[in-house]
Protein chains: 4
Amino acid sequence: MIRKICVVVTARASYSRVRTLLQAIAQHPCLELQLVIAASALLEKYGSLSQSIRKDAFAITAKVSNALDSENATAAAKTTGLGTIELASVFENIRPDIVVTIADRFETMSTAIAAAFMNIPLAHIQGGEMTGNIDDKVRHAVTQLADIHFAATRMATARIIKMGQQPETVYHTGCPSIDQVFEVFVDPRIDFDPFHLYGGVGRTFDLSKPYLMVMQHPVTTEPENARQQIKQTFDAIHALNIPTLWFWPNADPGTSEIAGGIRTFREHHENLPIHFFKNTEPIHFLKLLKNTACLIGNSSAGIREGGCLGTPVVNIGSRQLGRERGSNVMDATPEKDSILNAVHQQLAKGNYAQNHMYGDGNAGRKIAALLATVPLTFHKQLSY
Amino acid sequence: MIRKICVVVTARASYSRVRTLLQAIAQHPCLELQLVIAASALLEKYGSLSQSIRKDAFAITAKVSNALDSENATAAAKTTGLGTIELASVFENIRPDIVVTIADRFETMSTAIAAAFMNIPLAHIQGGEMTGNIDDKVRHAVTQLADIHFAATRMATARIIKMGQQPETVYHTGCPSIDQVFEVFVDPRIDFDPFHLYGGVGRTFDLSKPYLMVMQHPVTTEPENARQQIKQTFDAIHALNIPTLWFWPNADPGTSEIAGGIRTFREHHENLPIHFFKNTEPIHFLKLLKNTACLIGNSSAGIREGGCLGTPVVNIGSRQLGRERGSNVMDATPEKDSILNAVHQQLAKGNYAQNHMYGDGNAGRKIAALLATVPLTFHKQLSY
Amino acid sequence: MIRKICVVVTARASYSRVRTLLQAIAQHPCLELQLVIAASALLEKYGSLSQSIRKDAFAITAKVSNALDSENATAAAKTTGLGTIELASVFENIRPDIVVTIADRFETMSTAIAAAFMNIPLAHIQGGEMTGNIDDKVRHAVTQLADIHFAATRMATARIIKMGQQPETVYHTGCPSIDQVFEVFVDPRIDFDPFHLYGGVGRTFDLSKPYLMVMQHPVTTEPENARQQIKQTFDAIHALNIPTLWFWPNADPGTSEIAGGIRTFREHHENLPIHFFKNTEPIHFLKLLKNTACLIGNSSAGIREGGCLGTPVVNIGSRQLGRERGSNVMDATPEKDSILNAVHQQLAKGNYAQNHMYGDGNAGRKIAALLATVPLTFHKQLSY
Amino acid sequence: MIRKICVVVTARASYSRVRTLLQAIAQHPCLELQLVIAASALLEKYGSLSQSIRKDAFAITAKVSNALDSENATAAAKTTGLGTIELASVFENIRPDIVVTIADRFETMSTAIAAAFMNIPLAHIQGGEMTGNIDDKVRHAVTQLADIHFAATRMATARIIKMGQQPETVYHTGCPSIDQVFEVFVDPRIDFDPFHLYGGVGRTFDLSKPYLMVMQHPVTTEPENARQQIKQTFDAIHALNIPTLWFWPNADPGTSEIAGGIRTFREHHENLPIHFFKNTEPIHFLKLLKNTACLIGNSSAGIREGGCLGTPVVNIGSRQLGRERGSNVMDATPEKDSILNAVHQQLAKGNYAQNHMYGDGNAGRKIAALLATVPLTFHKQLSY
């Protein structure tokens with residue numbers, strides 16, 4: 001019996017997180033991949049997935065346009081409600097044996113509710129981690145709705161069990177997003193021209209010399225501070241005056257504030273050596289991350305992928321608070337001076353040793369193998 | 001500063017569970033009650049709430065019609081999605097300081113998501129309990145989304161904390177649904193005629209002589225067995241041939257199966273001494289429960305209210321598996337003989353002593369007092 | 001180039017109306033049928049379509065559960081809104097060349113809006129007719145959204161053109177619901193036992209002797225009168241005391257009122273020679289209609305199919321006001337005496353001559369042939 | 001008896017169209033205004049209404065966020081479906097006596113369906129006009145759902161009646177959007193600084209010298225051509241090299257294409273004397289329109305308000321095809337040379353005489369007076 005595995009991708013970032021898993025499912029003799037693309041993953045303005053998916057040769061089983069156009073938290077709730085309705089219809093028509101949902105973005109709640117309420121076994125990737133904001137609420141709520149847990153770290157595995165899930169349903173597989181990091185080690189050189197390949201706006205420069213990277217998202221519990229926080233990072237980059245690759249944030253409450261801040265800053269500082277990108281291929285991003293002098297911002301990429309690559313990271317503010325991390329990460333408050341100080345320390349130290357706490361490069365294959373064999377149950381008994 | 005407390009009631013049963021809390025909020029000098037009635041609570045066919053609410057003199061702030069008309073699990077998911085959308089609009093327009101959600105029905109997820117995603121502090125009543133089915137998933141997911149927890153029992157309090165919630169946000173208040181049970185003790189006699197008052201169908205009989213009560217809901221993880229399970233209960237009641245008050249089930253996947261089973265049974269056994277009710281006032285239900293020789297079925301009322309009243313209860317099947325209970329409850333499998341056997345044992349034993357494990361009669365007032373003073377935060381840090 | 005023709009069926013009644021069209025599309029070498037089943041057509045309680053569709057060997061391309069569970073007009077609006085959302089997703093995923101919508105039920109508006117707003121050519125069957133209630137608003141609004149019109153009668157054709165549609169987009173094809181009427185003439189005898197075949201409830205009787213048929217729907221602009229109106233019909237049938245086949249109404253605001261009225265009536269008059277059916281195969285219904293002494297109620301079947309068969313009809317109240325009809329129809333007000341009087345007159349007269357004003361039996365084939373060849377445009381210029 | 005009049009505004013442009021009507025309703029002793037703001041009218045990026053509404057001192061009864069975030073036609077359908085659901089809830093809670101919907105944007109369909117299906121009398125403003133694109137479908141469909149019609153012109157009045165509406169329900173009131181045009185005549189001078197007042201981007205210049213205005217929307221049936229069409233207009237403006245005020249388009253399929261085109265153009269032609277505005281107060285826009293040498297684009301403002309003011313207008317492409325217009329409008333194809341040629345002709349001619357075909361300045365008051373007295377019916381009989 002071939003099992004139909006439905007993976008629901010609701011954001012650009014989630015796609016690259018599970019790419020090796022999608023490949024492992026597609027290649028597994030006992031599994032059939034049902035790929036559903038939804039919410040902000042369908043919006044061109046955040047960088048289209050279509051090209052990546054075509055290149056990876058996955059067929060899209062269904063598209064679900066459910067993202068509302070609004071800058072506020074009401075829209076996040078409505079997007080989730082609409083996604084629940086539409087995914088219920090999709091699941092009813094394609095009848096998956098297991099639904100897979102990823103991490104902790106708010107839209108994953110749509111996937112989790114539709115599957116759980118329709119009695120379809122739900123597998124969750126990246127449960128049990130902690131970051132200290134709304135994502136925690138979503139992530140742990142999805143854990144409670146899920147029947148099968150694929151945890152990235154040892155601590156995450158322990159936490160899922162402590163939350164009442166039966167140990168035999170919790171698998172410590174590592175994170176599939178780390179799998180592709182290991183491809184970088186084959187040839188870590190920047191053998192492509194990101195300026196030519198991805199366009200974007202701003203100045204170009206020589207990537208064989210030291211450069212910084214910035215990736216800063218709005219903090220969902222503090223959307224009103226988004227503009228102020230991004231300004232502090234700008235001011236720090238301004239003061240550093242080192243060539244910088246700046247990556248555009250996800251769709252979240254507060255995103256348009258950040259986007260507005262970026263635009264204003266650019267108009268007033270056109271001569272700074274900064275280049276802004278909307279999207280890059282994951283492997284290209286990882287090579288840039290491997291070679292950067294320091295990643296600055298509040299993305300999980302610094303902790304997860306950066307840790308594996310030994311990249312120096314300055315983590316700003318509360319967004320990653322509580323996330324398990326290696327020694328490559330140094331914290332800063334969202335203030336120019338704090339950021340500056342931390343970057344200077346990291347530049348002085350240089351690269352770190354590799355750290356495999358988030359995965360050994362085989363998570364996608366391990367998860368696919370488990371999806372082919374785990375008991376198909378949606379009736380769980382909590383263990384206390 | 002008056003705090004606006006929005007209580008969302010999505011089912012008839014939930015209303016009576018929080019009636020004393022609604023009164024305590026309405027009477028509290030620092031609180032303003034915003035009562036929202038949604039989903040199956042608005043459907044006449046499950047017994048309208050309008051009359052009860054009018055009698056209790058609460059104003060309805062908003063009505064949300066979001067229940068889909070279908071017998072399957074897809075409808076449950078869509079009802080929840082639609083509820084999320086509509087409650088987001090309601091919350092945006094009425095701007096509550098705290099949203100209160102109750103227990104574990106699937107629609108409570110709408111309330112929890114809308115509040116959590118909109119950064120409104122969410123209080124949850126009856127978290128931390130265990131029953132061993134889909135309700136567990138919903139209840140614990142709501143716990144993860146909630147900021148303030150009002151637990152009914154000591155064990156529930158401990159479980160919520162074990163699931164990672166900060167101890168200072170978890171209050172052991174007892175359950176407001178138990179508050180009204182204590183009103184029964186003032187005068188436990190059946191001083192009303194339920195046949196006259198509530199109509200319903202079937203034969204009438206003398207309630208001063210021993211009578212049974214039945215309240216059996218579909219098990220949401222086994223909707224396909226609903227009809228078969230209800231038949232076994234019928235057969236047991238048939239064999240007992242004791243006057244019986246039968247209460248209509250909630251709106252759930254499987255309800256129409258049960259309703260169909262009831263109708264078929266009635267047509268073939270019109271002369272049995274059974275009377276069917278759709279709805280009764282809580283105080284009347286409790287007096288009937290106090291005086292019944294035995295409650296049969298799978299309702300939580302047997303364990304919670306029945307325990308407090310000392311009523312003998314036969315609990316059928318898996319629906320209440322894992323729920324904390326007193327000695328008044330005896331289990332049976334959903335088979336005629338098992339049910340018969342347990343009822344005979346209970347009839348032989350007679351009434352039990354009162355048990356206050358679910359509350360001491362002051363939960364509504366305690367919770368209202370806390371709602372007036374708890375810190376208004378929606379940014380929680382989990383404790384591990 | 002094969003054209004993909006998506007037919008959206010939102011009610012049991014609509015399916016039998018277009019069955020011959022579905023066959024003609026499925027058999028046409030240049031057309032591919034995409035059958036979408038939605039709204040009340042999916043609800044078992046109004047009689048499931050699944051069996052009919054399986055028997056007719058059509059594949060279902062997508063199911064859309066969007067019917068809300070409520071007795072009021074708000075639910076009709078929400079069902080339509082939800083249907084619009086879900087059909088937009090369906091159309092985006094199956095990309096039809098033409099969408100076909102049928103007649104005038106409120107849910108057809110979902111189909112019309114989704115297709116029109118997505119720039120998919122929209123074909124409308126049964127436009128241009130008049131019945132004098134909310135259906136008129138829906139039917140004519142759909143005409144304004146449609147690009148291709150298949151009208152049943154000469155008057156309907158003229159009305160569509162008068163409403164501004166370009167004459168070259170309006171085709172007088174007859175109504176496909178009439179096609180199957182012509183199958184009756186091959187062998188008009190009742191060669192089946194409806195009591196055995198369709199179950200239902202009530203007494204059985206000999207159909208070779210004179211019998212009546214009743215089919216009465218709630219009037220959507222007068223839902224509050226539904227129960228009172230159905231009672232008058234009951235009283236008339238009671239007084240007539242002739243064996244009667246009674247057919248259950250569609251899902252509409254007011255349906256539950258009618259259903260409640262039917263149930264109450266049955267309980268008080270169990271000995272009357274009436275049998276109630278939820279659903280029958282169209283060909284069986286038509287044979288019963290051909291042989292009945294008189295059809296009583298407010299269904300369009302009396303005017304359309306009944307006219308073709310020459311069946312005597314008593315049409316009650318305002319629901320069919322304005323519908324083009326033959327001499328076989330006699331009007332009555334929704335009052336016992338008026339109904340009684342009209343039925344007595346019809347019984348005295350006996351059968352009428354056939355009338356082909358609604359179609360000559362080839363509408364399905366004609367429409368399919370046109371769907372294969374009409375210009376695919378969604379940009380219409382109105383002609384004034 | 002005070003009548004509650006609910007006006008639903010779904011776009012910035014619609015608000016200024018009915019401002020005088022809102023004032024007339026608010027001031028009428030027998031009417032109570034219920035103002036509902038929905039869809040793109042709530043999006044900051046298209047220019048917020050909040051400030052205008054506050055300035056006009058209207059209270060907002062309810063806000064409905066239902067705009068989806070997507071560039072395609074699927075989003076338009078889903079926005080409409082979601083709007084229908086949410087407006088049904090709003091109407092159920094605020095219970096208006098009459099619902100008023102405006103013109104022909106796709107979201108007006110939500111208002112029309114919710115009101116019509118809930119049996120609330122629906123009044124439609126600006127029905128019966130013709131423009132030759134998708135708006136025609138929407139406008140005429142709304143006419144079929146509406147019970148009361150307030151037509152702007154004599155021809156529109158005649159067309160509504162020809163479409164089957166009873167003449168006694170069709171009122172030739174003129175268009176309330178024209179009312180405010182008459183305020184301009186009191187003092188037509190530009191007595192404010194739009195660059196200072198409204199910000200925007202681009203160069204500033206002296207408005208006492210000849211200047212052009214541009215207002216170009218995507219054509220909804222040709223969204224794929226939006227970028228190409230806007231480029232032709234740019235090229236024409238480039239060649240003219242006359243100071244130009246450019247106004248940002250509405251939210252529609254194709255809008256982001258136009259916005260992208262504007263951004264690209266600006267980056268390559270920063271020295272051209274063009275200034276871009278997102279939004280202006282209606283009275284300020286009208287004064288600018290009164291004084292411009294020529295309005296270029298495809299907005300209805302050129303035909304309606306421009307005709308009243310005698311402003312020379314170059315109307316590009318198919319968007320206004322079929323709209324009744326005065327002699328002040330000259331057509332051009334969406335090609336640089338055609339546009340250039342027409343603008344040169346208009347500049348040579350100068351201003352035109354005033355034309356009152358769209359209203360005499362009293363439409364708001366006339367409509368309010370009628371809303372207070374028209375029969376409240378939702379049961380219409382079409383007249384053929």
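Numbers restart at 1 for each chain; the letters A, B, ... are given by sequence-line order, proteins then strands.
A distance of 12.5 Å separates OG1 in D:Thr74 from CG in A:Asn66, rounded to the nearest 0.5 Å. Annotation: the span from A:Asp69 atom CG to D:Leu43 atom CG amounts to 4.5 Å, rounded to 0.5 Å.
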- Message: A:Leu68 vs D:Thr79, test: side-chain contact (heavy atoms from CB on, under 4.5 Å). Steps then yes/no.
- Response: CA-CA 9 Å; A:Leu68 263 85; D:Thr79 294; over 6 Å; no
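Within residues 195-207 of chain A, no residue has any heavy atom under 4.5 Å from a heavy atom of chain D.
The salt bridge (Lys or Arg N to Asp or Glu O under 4.0 Å) analysis of residues 74-87 of chain A, with sequence neighbours excluded, yields the pairs A:Lys78-D:Glu86, A:Glu86-D:Lys78.
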